[in-house]
Amino acid sequence: MPEQIGGGSELFVVNDDASMRDTLSVVFTHEGYQVISFAEGNSFLAAARSRTPSCVLLDVHMPGRSGIDLLKELDAQRYGAPIFIISAQSDIPLADDAIKNGAFDFIEKPFVPDAVIARVRAAIAGWKHPATNGNGGEGHGPSFPGHGQLTPREGEVLAQIASGASNKEAGRLLRISPRTVEVHRARIMEKFKAKNAADLVRIVLTNGRDV
């Protein structure tokens, strides 16, 4: 576990933009976090492989290796901390690529500092206490034939879809952005070859009755 100074969790910020690094550093230092900033990927990878912070804020567009490349090299799917991808571009393919390669959530610029702080805090808390994930403490999605092909997060999103929650409602309950919920929803539908959300719910309910 990373060393904690002044009672704050260690936070890695990876961004080639000095002003953005400074902004995030000031914002999170003020909240009691110990912020370590990186201007490029090599030094970040070296640090991330030697110790695990409480959270990582990783910009997707950087010279040389992109944030997506760094997710792959770090094997973010198995990394021991939530990784937020930050981007000024709002597009589903980019978000899908980030989440597929292990990103926990997707933050779009410009962002509201208080909102980002709240999401980082919730991610760290949920990572340390996975049963407390905002969905009533169940920590898992519905159980039915084929559910094993879903990731834990996809299972949670599916549970919200099956209950009729919108992307915004599901994001609030699961403490992730509606954009990230949208990406997970699309990936779930692709896995089950569902035409729409209603078709997906029908598949789940039908399979569930066969158990």
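Computed from heavy atoms alone, side chains included, the values below leave out hydrogens, waters and symmetry copies.
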Task: ring-ring contact (aromatic ring centres under 6.0 Å, His included) against Y79, all qualifying residues, sequence neighbours excluded - done: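 Applying ring-ring contact (aromatic ring centres under 6.0 Å, His included) to Y79 gives none.
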Nearest-0.5 Å distance, [atom1] of residue [X] to [atom2] of residue [Y]:
X	Y	atom1	atom2	result
F12	S37	CZ	OG	10.5 Å
L11	L57	CG	CG	4.5 Å
T29	D22	OG1	CG	10.5 Å
Q34	F28	CD	CZ	14.5 Å
K168	L173	NZ	CG	12.5 Å
L70	E40	CG	CD	9.0 Å

List in chain and number order the residues that pass salt bridge (charged side-chain N to carboxylate O under 4.0 Å, His left out) with [X], two or more places apart in sequence or in another chain; answer none if no residue qualifies.
X	result
E31	R121
D75	R78
E73	R65
R187	D96, E154

Specify the closest pair of heavy atoms between [X] and [Y], including all atoms of both residues, with the distance to one decimal.
X	Y	answer
A165	A170	CB-N, 4.2 Å
I124	P82	N-CG, 4.5 Å
A98	L71	O-CD1, 3.6 Å
D59	H61	OD2-O, 2.8 Å
G67	L58	O-CD2, 3.5 Å
A48	L74	CB-CD1, 3.8 Å

Counting only N and O atoms by type, is there a donor-acceptor contact under 3.5 Å from the side chain of [X] to the main-chain atoms of [Y]?
X	Y	result
Q77	K100	yes
W127	C55	no
Q160	V157	no
N15	F38	no
T180	I176	no

TODO: Please list, chain by chain and in numerical order, all residues satisfying side chain to side chain donor-acceptor pair (under 3.5 Å) with R21, sequence neighbours excluded.
DONE: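 Partners of R21 by the side chain to side chain donor-acceptor pair (under 3.5 Å) criterion come out as none, since no residue qualifies.
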Open item on the list: Would a single hydrophobic cluster contain both V26 and I107, if residues Ile, Leu, Val, Met, Phe, Trp and Tyr are joined by side-chain heavy-atom contacts under 4.5 Å?
Closed with: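 Not linked; separate clusters.
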Side chains of [X] and [Y]: closer than 4.5 Å at any heavy-atom pair?
X	Y	result
V112	V116	no
M20	K109	yes
L158	R185	no
I36	R51	yes
R153	H184	yes

TODO: Go through the steps for R179 and E182 under the test salt bridge (Lys or Arg N to Asp or Glu O under 4.0 Å), then give the verdict.
DONE: CA-CA 5 Å; R179 173 73 69 188; E182 186 176 354; 3.8 Å; yes
Open item on the list: Between F84 and F106, does the ring pair (Phe, Tyr, Trp, His ring centres under 6.0 Å) criterion hold? Intermediate values first, please.
Closed with: CA-CA 6 Å; F84 285 80; F106 193 82; over 10 Å; no
Task: Passing option when I86 is tested against V60, V14, L24 for side-chain contact (heavy atoms from CB on, under 4.5 Å) - done: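 Of the listed options, the one satisfying the test is L24.
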